[in-house]
Asks: 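This is the structure, below, for whatever I ask next.
Keep in mind that this is a model prediction, so the values were computed, not measured. Atoms considered below: every heavy atom in the structure, side chains included; atoms not considered: hydrogens, waters and symmetry mates.
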Amino acid sequence: MLIVISPAKSLDFDTPAVTAEFTMPEMLNESEKLADRLRKMNPKKLSGLMGISSSLGQLNYERYQNWHQPFTPENAKQAVLAFNGDVYQGLDAKSLSPDQLHQLQSKLRILSGLYGVLRPLDLIQPYRLEMGTRLKYQRSKDLYAFWKNKITPKIKEAIHASENNVLINLASNEYYKSIDTKKLGAEIVTPAFKDLKNGEYKMISFFAKKARGLMTRFILENNIKNVEDLQAFDAEGYVFNPRLSKPGTPVFTRDN
């Protein structure tokens, strides 16, 4: 069973890492090509490309000027500890033991616009590059075209190395689209999380993102191996809702 999640725009490179174990991203040479392309853009052009403010354009200009190999624990940090968005608040990787983080290496992959596919303990340097960014590189019209034939084999390899042929998709649509799922030959399960609002169960982005992180932690802590066992997920008031669920899409609801 392999889990995929999205990265986060929010980063934490200040808090010391809770483990000394690290690995290197497997496609750093590809990342270098994109970083070099972005390094040549001025802050205004980066702002336009990414649809961000001028201050964020300046910040990411500086990030790409400073982005360089080799990666070391002194100039980089493990991905699952560096990302700091809603999903990662739910996962709360910094409270995992070093042994649990080591176990997570085989269970989780993080999709990335700059790094393609990351294992939890792969070192990364600060960046911003969403998968939906229309960054052209040679014959690739965007990042989907650049990454798809590179990401898919890595995900397939990791699924086949797991104990069963299942992909748990906890990524956003923006990142999940970077995988050519027809080539995986795997059972795909996409949990959905909904909260009661105005008498109706709805997907509320902030809560759903956090729940994806909570589900990732649940799978790790309970050593979940069978899809049916996902139904026991009950973190922060969510419960399995058989009425709203369908094959491949278990739905978990919460009455606030």
Side-chain angles (χ1 to χ4, degrees), residues 4-17 22-88 93 108-155 171-180:
V4 291
I5 61 175
S6 305
K9 293 188 284 286
S10 177
L11 302 171
D12 176 10
F13 279 82
D14 297 323
T15 306
F22 67 88
T23 47
M24 289 295 171
E26 295 182 295
M27 295 186 281
L28 265 181
N29 288 339
E30 303 304 310
S31 304
E32 182 79 62
K33 294 174 185 176
L34 296 176
D36 186 59
R37 177 97 170 78
L38 292 160
R39 193 179 291 119
K40 295 172 182 175
M41 297 183 183
N42 61 36
K44 185 176 181 179
K45 193 164 185 177
L46 282 175
S47 295
L49 174 71
M50 298 183 181
I52 55 179
S53 67
S54 57
S55 59
L56 284 174
Q58 180 64 37
L59 171 64
N60 284 285
Y61 171 78
E62 293 168 4
R63 283 173 170 172
Y64 283 111
Q65 297 305 307
N66 294 325
W67 195 100
H68 67 280
Q69 296 190 61
F71 284 13
T72 69
E74 287 68 45
N75 66 23
K77 190 176 181 180
Q78 297 92 333
V80 77
L81 300 172
F83 291 125
N84 198 36
D86 302 331
V87 174
Y88 297 86
L108 177 67
R109 293 294 180 269
I110 303 166
L111 304 171
S112 167
L114 182 63
Y115 297 98
V117 180
L118 291 163
R119 293 165 296 182
L121 298 179
D122 282 349
L123 293 180
I124 64 169
Q125 290 181 357
Y127 80 102
R128 179 167 177 150
L129 186 62
E130 296 179 62
M131 190 65 78
T133 304
R134 296 188 66 83
L135 177 66
K136 298 178 181 179
Y137 184 83
Q138 294 181 351
R139 295 183 181 179
S140 300
K141 65 177 182 178
D142 55 24
L143 292 174
Y144 293 112
F146 180 84
W147 280 122
K148 183 160 285 189
N149 290 332
K150 304 176 181 72
I151 286 176
T152 303
K154 291 292 183 184
I155 296 297
S172 65
N173 288 335
E174 176 186 356
Y175 284 88
Y176 183 60
K177 287 192 303 182
S178 67
I179 304 172
D180 189 346

Asks: Take Asn84 and Phe13 through the test side-chain contact (heavy atoms from CB on, under 4.5 Å) and record every step on the way to the result.
Replies: CA-CA 9 Å; Asn84 198 36; Phe13 279 82; over 6 Å; no
Asks: Can you tell me if Lys9 has over 12 outside heavy atoms packed within less than 6.0 Å of its NZ?
Replies: no
Asks: If you measure from CD on Glu30 to CD on Glu32, what distance do you get to the nearest 0.5 Å?
Replies: 10.5 Å
Asks: I need the Met27 CE to Lys33 NZ distance, nearest 0.5 Å.
Replies: 11.5 Å
Asks: Dump the intermediate steps for ring pair (Phe, Tyr, Trp, His ring centres under 6.0 Å) on Phe71 and Phe22, then the final yes or no.
Replies: CA-CA 10 Å; Phe71 284 13; Phe22 67 88; over 10 Å; no
Asks: Dump the intermediate steps for side-chain contact (heavy atoms from CB on, under 4.5 Å) on Arg109 and Ile155, then the final yes or no.
Replies: CA-CA 8 Å; Arg109 293 294 180 269; Ile155 296 297; 4.0 Å; yes
Asks: Do Leu38 and Leu49 have side chains that approach each other closer than 4.5 Å (heavy atoms only, starting at C-beta)?
Replies: yes
Asks: Between Phe146 and Lys136, is any pair of side-chain heavy atoms under 4.5 Å apart?
Replies: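 No, every pair of side-chain atoms sits at 4.5 Å or beyond.
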Asks: In Å, rounded to the nearest 0.5 Å, how long is the span from CG of Leu129 to CG of Leu143?
Replies: 5.0 Å
Asks: Are side-chain heavy atoms of Tyr144 and Glu174 found at a separation under 4.5 Å?
Replies: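 A side-chain contact under 4.5 Å exists here.
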Asks: Can you give me the closest heavy-atom contact between Asp122 and Val117, atom names plus distance?
Replies: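 For Asp122 versus Val117, the nearest heavy atoms are OD2-O, 4.3 Å.
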Asks: Determine the interplanar angle of the Tyr115 and Trp67 rings, folded into 0 to 90°, and report it as parallel if under 30°, tilted if 30 to 60°, perpendicular if over 60°.
Replies: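 Geometry flag for Trp67 against Tyr115: tilted rings.
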Asks: Check Leu111 against Pro7 and note the closest heavy-atom contact, atom names and distance.
Replies: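 It is O-CD, 2.8 Å.
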Asks: Of all heavy-atom pairs between Ala8 and Gly85, which one has the smallest distance, and what is that distance?
Replies: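 Minimum heavy-atom contact is CB-N, 3.4 Å.
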Asks: Quick one: CD on Gln125 to CZ on Arg63, what's the gap to the nearest 0.5 Å?
Replies: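 Here the interatomic distance stands at 11.5 Å.
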Asks: On the 0 to 90° scale, with breaks at 30° and 60°, tag the Tyr88-Phe83 ring pair as parallel, tilted or perpendicular.
Replies: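 Rings of Tyr88 and Phe83: tilted, as their planes differ by 30° to 60°.
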Asks: Can you give me the closest heavy-atom contact between Gly57 and Leu46, atom names plus distance?
Replies: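 That would be O-CD1, 4.0 Å.
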Asks: Got a donor-acceptor contact below 3.5 angstrom from the Asn75 side chain to the Pro70 backbone?
Replies: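 Yes: the side chain of Asn75 pairs with the backbone of Pro70.
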Asks: Is it the case that the side chain of Thr133 and the backbone of Glu130 share a donor-acceptor pair, with hydrogens and angles ignored and the cut-off at 3.5 Å?
Replies: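 A pair under 3.5 Å: yes.
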Asks: Side-chain contact, heavy-atom cut-off 4.5 Å: Tyr64 with Met41?
Replies: no
Asks: Which atom names give the shortest non-hydrogen contact between Ser53 and Ser47, and what distance separates them?
Replies: O-OG, 3.2 Å
Asks: Would you mind reporting whether Arg119 and Val80 have side-chain heavy atoms less than 4.5 Å apart?
Replies: no
Asks: So Ile52 and Arg128, do their side chains get closer than 4.5 Å, heavy atoms only?
Replies: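 Yes - at least one pair of side-chain heavy atoms lies under 4.5 Å apart.
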Asks: Between the side chain of Thr72 and the main-chain N/O of Glu74, is any donor-acceptor distance below 3.5 Å?
Replies: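 A pair under 3.5 Å: yes.
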Asks: State, with a plain yes or no, whether a side-chain heavy atom of Leu11 is found less than 4.5 Å away from one of Lys77.
Replies: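 Contact flag for Leu11/Lys77 side chains = no.
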Asks: I'd like to know if Asp36 and Arg39 make a salt bridge, using a cut-off of under 4.0 Å between side-chain N and carboxylate O.
Replies: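 Yes, Asp36 and Arg39 are salt-bridged.
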Asks: Supply the atom-to-atom distance Tyr175 OH to Ser112 OG, rounded to the nearest 0.5 angstrom.
Replies: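 Rounded to the nearest 0.5 Å, the OH-OG separation comes to 6.5 Å.
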Asks: Taking atom types as modelled, find out whether Ser31 and Tyr127 have a side-chain donor-acceptor pair closer than 3.5 angstrom.
Replies: no
Asks: Are Gln78 and Leu123 close enough that some pair of their side-chain heavy atoms sits under 4.5 Å apart?
Replies: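 Yes. Closest side-chain heavy atoms under 4.5 Å.
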Asks: Answer yes or no: are there more than 12 heavy-atom neighbours, outside Lys45 itself, under 6.0 Å from its atom NZ?
Replies: no
Asks: Going from CD1 on Ile5 to CG on Leu108, what distance comes out if it is rounded to the nearest 0.5 angstrom?
Replies: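 So the CD1 of Ile5 and the CG of Leu108 are separated by 4.5 Å.
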